S.K.: 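Sharing a structure below in structure tokens format, with a few things to ask.
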Amino acid sequence: MGERDDETGGVEKARIPLLRDRNEAEEERDILVETKKLWRIVGPAIFTRITTYLILVITQAFAGHLGELELAAISIVNNVIIGFNFGLLLGMASALETLCGQAFGAKKYNMLGVYLQRSWIVLFLFAISLLPMYFFATPILKYLGQPDDIAELSGTIAVWVIPIHFAFAFVFPLNRFLQCQLRNVVIAIASGVALVVHIFVCWLFVYVLELGVIGTMATVNVSWWFNLLVLFTYTTCGGCPLTWTGFSIEAFTGLWEFAKLSVSSGIMICLENWYYKILILMTGNLKDTKIAVDSLAICMSINGLELMIPLAFLAGTGVRVANELGAGSGKRARFAMIVSVTQSLLIGIIFSVLVVFLHDQIGWIFSSSETVIKAVNDLSILLAFTILLNSVQPVLSGVAIGSGWQSFVAYINLGCYYFIGLPLGFVMGWIFKSGVKGIWGGMIFGGTGIQTLVLIFIVVRCDWEKEAQKASARVRKWSTSNSQAIN
């Protein structure tokens, strides 16, 4: 008997390493599968965001050859007027990441087209309500302290970019609609072709037709509407046979509930975007303003370009979490979140380390002034920390969008950014006289840092199976309400 027991025990001990090896192999396979699903969204999303970013950069580059006044006016219109509305409408369109993502996961394919049309209606109406910002741009900019000549020219240009404002209302929902079906390659191709068209039109309008500053800014309208035409044609002419079944009267039902979720999404995203614009405004009130603003602008340019990667992960995470929750799998949604956060964090660490090691070189890319380069060098550690935090925070925001927590996270953003970060930045910058480093450090660690910790706490404590049940209930509720409204 003793010998048999020893033999049995030996067999059981031999099985343990085999089970561990099998579990590790299964886990590695799951990670690989999830990574492939994630990068089907993230890869094209990075390309799309960079090409979109380059459209405005190229426009400013062409404007720079017209004169300093023209460059300043176009920069103001891009960053203040268009930038404000871009962030709001983009955030509002993010509601589709929740609804379309969960409906697609639940295989309620017909609902995606209805949600898309609802988003068009809601964003179009909001776009109309925002038109006064374009018509009254000159007095608004004068009130904000801009010189009269810049404010006057900016006001003239602002009226000519109204077409791009309405393009946002249709392009952003289309992007989210296609993204939730993992058709990101289509979005990337449309963006790439639009960028090529934009470069050609800029050359034509500026150098051949010599249309001046108005013609330069009008090129942005052409490229964005071309992008819209490509995506709209693809969607409505057979590219999405399961999810687009034509225009429907259902789109006019449930608009109030849809608008509330859209506004929550818009506020959540805007509170983050405006936060960093306020950072630049606060820096403009320091001594040696030109050096402070120039050095911070260089750091923000580097951070903004690198931020395209975490923002792509935001999109990918939102879709993957929404798909899995809609399919009723809280466990898979949690796993998708972990894979996404881990990979984005690893990329953020790499870029942060590069900034630390190249701290005395990065300023030379943007300026030849020794004073500015030294100021950038002094800010390099803060830039590295910002990149590191931004490799996690947007991904967690993607989890919030995929789960439908927009309203809740909007309150978190408001509290962390504007009740903690801004006051701390003011105290560090002026009370302790730490200058731009104090303002930026206070706002990063007091606002972004605390917000990231709060979001980490929420997702760690989250009952994902319960969230899956909520997603299923949400899909049923919206589907049922539509059916009842039609009947």
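These figures come from a predicted structure and were not determined experimentally.
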S.K.: Would you please name every residue forming a salt bridge (charged side-chain N to carboxylate O under 4.0 Å, His left out) with K107, sequence neighbours left out?
M.R.: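 Salt bridge (charged side-chain N to carboxylate O under 4.0 Å, His left out) list for K107, sorted by chain: empty.
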S.K.: Are a donor atom and an acceptor atom from the side chains of N413 and Y418 found within less than 3.5 Å of each other?
M.R.: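 Not at all, the side chains of N413 and Y418 share no donor-acceptor pair under 3.5 Å.
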S.K.: Could you tell me which residues satisfy side chain to side chain donor-acceptor pair (under 3.5 Å) with W225, sequence neighbours excluded, listed by chain and number?
M.R.: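 Partners of W225 by the side chain to side chain donor-acceptor pair (under 3.5 Å) criterion come out as none, since no residue qualifies.
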S.K.: Less than 4.5 Å apart, any side-chain heavy atom of Q406 and any of L261?
M.R.: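 Heavy-atom side-chain distance check passes, below 4.5 Å.
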S.K.: Apply the test side-chain hydrogen bond (donor to acceptor under 3.5 Å, both in side chains) to residues S264 and S407: give CA-CA distance (whole Å), side-chain angles for both, the deciding distance (0.1 Å), then the verdict.
M.R.: CA-CA 5 Å; S264 298; S407 298; 2.8 Å; yes
S.K.: Please list, chain by chain and in numerical order, all residues satisfying side chain to side chain donor-acceptor pair (under 3.5 Å) with N390, sequence neighbours excluded.
M.R.: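 Counting only residues at least two positions away or on another chain, N390 forms a side chain to side chain donor-acceptor pair (under 3.5 Å) with N303.
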S.K.: Can a donor-acceptor pair be found, under 3.5 Å and without considering hydrogens, that links the side chain of T317 to the backbone of F313?
M.R.: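 Side chain of T317 to backbone of F313: a pair is present.
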S.K.: Kindly give the heavy-atom pair with the smallest separation between G446 and I420, and that separation in Å.
M.R.: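 Result for this residue pair: O-CG2, 3.2 Å.
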S.K.: Does any non-hydrogen side-chain atom of F170 lie less than 4.5 Å from one of L123?
M.R.: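 A side-chain contact is absent here, since even the closest heavy-atom pair is not under 4.5 Å.
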S.K.: Any side-chain heavy atom of I81 sitting closer than 4.5 Å to one from Y134?
M.R.: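 They are in side-chain contact.
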S.K.: I want to check something: taking the side chain as every heavy atom from C-beta on, are E34 and D30 in contact at a cut-off of under 4.5 Å?
M.R.: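 E34 vs D30: side chains apart.
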S.K.: Would you find a donor on one side and an acceptor on the other, under 3.5 Å apart, between the side chain of T386 and the backbone of L382?
M.R.: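 Yes; at least one donor-acceptor contact below 3.5 Å.
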S.K.: Taking side chain to side chain donor-acceptor pair (under 3.5 Å) as the test, write out the residues that go with T219, two or more places apart.
M.R.: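 Applying side chain to side chain donor-acceptor pair (under 3.5 Å) to T219 gives none.
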S.K.: Side-chain atoms of residues 226-234: list all donor-acceptor pairs with protein atoms under 3.5 Å, sequence neighbours left out, distances to 0.1 Å.
M.R.:
unit_1, atom_1, unit_2, atom_2, d
T233, OG1, L229, O, 2.7
Y234, OH, R183, NH1, 3.0
Y234, OH, G239, O, 3.4

S.K.: Return yes if some donor-acceptor pair links the side-chain N/O of H165 with the main-chain N/O of L131 below 3.5 Å, else return no.
M.R.: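 No, the answer is negative, given that no donor and acceptor are paired below the 3.5 Å cut-off.
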S.K.: Verify side-chain hydrogen bond (donor to acceptor under 3.5 Å, both in side chains) between Q393 and S397, making sure each step is shown before the conclusion.
M.R.: CA-CA 6 Å; Q393 184 272 331; S397 293; 3.1 Å; yes
S.K.: Determine the minimum heavy-atom distance between L325 and G402, stating which atoms define it.
M.R.: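 Where L325 meets G402 most closely, the heavy atoms are CD1-O, 4.0 Å.
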S.K.: Nearest 0.5 Å, please: how far is CG in L90 from CG in N85?
M.R.: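 The CG atom of N85 sits 12.0 Å away from the CG atom of L90.
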S.K.: Measure across A468 and G330 and return the closest heavy-atom pair with its distance rounded to 0.1 Å.
M.R.: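 Heavy-atom minimum between the residues: CB-N, 3.7 Å.
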S.K.: What pairs meet the side-chain hydrogen bond (donor to acceptor under 3.5 Å, both in side chains) rule with one or both residues in residues 324-333, with sequence neighbours excluded?
M.R.: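 Listed once each, the pairs are R320-E324.
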S.K.: Provide the closest heavy-atom pair for Q117 versus F247 in the form atom of the first, atom of the second, distance.
M.R.: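 Minimum heavy-atom contact is OE1-CA, 3.3 Å.
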S.K.: To the closest 0.5 Å, what do you measure between CD1 (I41) and OG (S340)?
M.R.: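 Reported value, rounded in 0.5 Å steps: 9.0 Å.
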S.K.: With side-chain hydrogen bond (donor to acceptor under 3.5 Å, both in side chains) as the rule and sequence neighbours excluded, what pairs involving residues 39-52 come up?
M.R.: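 Counting only pairs at least two positions apart or across chains, the side-chain hydrogen bond (donor to acceptor under 3.5 Å, both in side chains) contacts touching residues 39-52 are W39-Q343.
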S.K.: So, does T243 use its side chain to make a donor-acceptor pair with the main chain of Y109 at under 3.5 Å?
M.R.: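 No.
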S.K.: Rounded to the nearest 0.5 Å, how far apart are CH2 of W120 and CG of L96?
M.R.: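 The CG atom of L96 is 10.5 Å from CH2 of W120, to the nearest 0.5 Å.
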S.K.: W405 and E467: side-chain hydrogen bond (donor to acceptor under 3.5 Å, both in side chains), yes or no, with the steps?
M.R.: CA-CA 10 Å; W405 302 339; E467 291 300 321; 3.1 Å; yes
S.K.: Evaluate the side-chain proximity of L345 to L388: yes if any heavy-atom separation is below 4.5 Å, no if none is.
M.R.: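 Heavy-atom side-chain distance check passes, below 4.5 Å.
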S.K.: Would you check, one step at a time, whether the test side chain to side chain contact (heavy atoms under 4.5 Å, CB included) holds for V341 with L396?
M.R.: CA-CA 8 Å; V341 171; L396 297 178; 4.1 Å; yes
S.K.: Kindly assign one of parallel, tilted or perpendicular to the pair F166 and F124, based on the angle between their ring planes and the thresholds 30° and 60°.
M.R.: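 Rings of F166 and F124: tilted, 30 to 60°.
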S.K.: Between K260 and E257, does any side-chain N to carboxylate O distance fall below 4.0 Å?
M.R.: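 So K260 pairs with E257 through a salt bridge.
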S.K.: Determine the minimum heavy-atom distance between A151 and L141, stating which atoms define it.
M.R.: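 Minimum heavy-atom separation between A151 and L141: CB-CB, 4.0 Å.
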S.K.: If the condition is ring-ring contact (aromatic ring centres under 6.0 Å, His included), which residues does F126 pass it with, not counting sequence neighbours?
M.R.: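 Testing F126 for ring-ring contact (aromatic ring centres under 6.0 Å, His included), a comparison that skips the adjacent residues, returns none.
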S.K.: So, S248 side chain and E250 main chain: donor-acceptor pair closer than 3.5 Å or not?
M.R.: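 Indeed, once roles are kept as given, a pair shorter than 3.5 Å links the two residues.
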S.K.: Locate the shortest heavy-atom distance separating L112 from F104; write the atom from each residue and the value.
M.R.: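 Smallest heavy-atom distance, with atoms named: CD1-N, 3.7 Å.
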S.K.: For S352 and A384, indicate whether the former's side chain and the latter's backbone hold a donor-acceptor pair under 3.5 Å.
M.R.: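 Yes; judged by distance alone, with no hydrogens or angles, the pair exists.
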S.K.: Got a second to check how far F408's CZ is from S403's OG, nearest 0.5 Å?
M.R.: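 Answer rounded to 0.5 Å: 12.0 Å.
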S.K.: When rounded to the nearest 0.5 angstrom, what is the spacing between CD1 in I450 and SG in C416?
M.R.: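 Between I450 CD1 and C416 SG, I get 6.0 Å after rounding to 0.5 Å.
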S.K.: State, with a plain yes or no, whether a side-chain heavy atom of F258 is found less than 4.5 Å away from one of I121.
M.R.: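 In short, these two side chains do not touch, never coming nearer than 4.5 Å.
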S.K.: Applying side chain to side chain donor-acceptor pair (under 3.5 Å), name anything that partners S391, two or more places apart in sequence or on another chain.
M.R.: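 By the side chain to side chain donor-acceptor pair (under 3.5 Å) rule, S391 matches no residue at all.
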S.K.: Do V161 and V220 come within less than 4.5 Å of each other through their side chains, counting heavy atoms only?
M.R.: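 Result no, sub-4.5 Å side-chain heavy-atom pair not found.
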S.K.: Tell me the side-chain hydrogen bond (donor to acceptor under 3.5 Å, both in side chains) pairs involving residues 192-201, sequence neighbours left out?
M.R.: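 Residue pairs passing side-chain hydrogen bond (donor to acceptor under 3.5 Å, both in side chains), neighbours aside: T59-H198, H198-S223.
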S.K.: Please step through side chain to side chain contact (heavy atoms under 4.5 Å, CB included) for the pair Y417 and L422, ending with a clear verdict.
M.R.: CA-CA 6 Å; Y417 287 143; L422 278 181; over 6 Å; no
S.K.: Are any non-hydrogen side-chain atoms of I162 and F135 less than 4.5 angstrom apart?
M.R.: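 Result yes, sub-4.5 Å side-chain heavy-atom pair found.
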S.K.: Give the table of side-chain donor-acceptor pairs shorter than 3.5 Å for residues 171-180, with sequence neighbours excluded, one pair per line with atom names and distance.
M.R.:
unit_1, atom_1, unit_2, atom_2, d
R176, NE, E97, OE2, 2.8

S.K.: Just by distance, do the side chain of N221 and the backbone of I164 share a donor-acceptor pair under 3.5 Å?
M.R.: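 Confirmed, N221 side chain pairs with I164 backbone.
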S.K.: Just checking, is any N or O donor in the side chain of R118 or T253 under 3.5 Å from an acceptor N or O on the other one?
M.R.: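 On atom types as modelled, these side chains qualify, holding a pair under 3.5 Å.
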S.K.: The criterion is ring-ring contact (aromatic ring centres under 6.0 Å, His included); which residues satisfy it with W160, sequence neighbours excluded?
M.R.: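 Partners of W160 under the ring-ring contact (aromatic ring centres under 6.0 Å, His included) test: none.
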S.K.: Roughly how far apart are K36 NZ and L38 CG, rounded to 0.5 Å?
M.R.: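 The CG atom of L38 is 13.5 Å from NZ of K36, to the nearest 0.5 Å.
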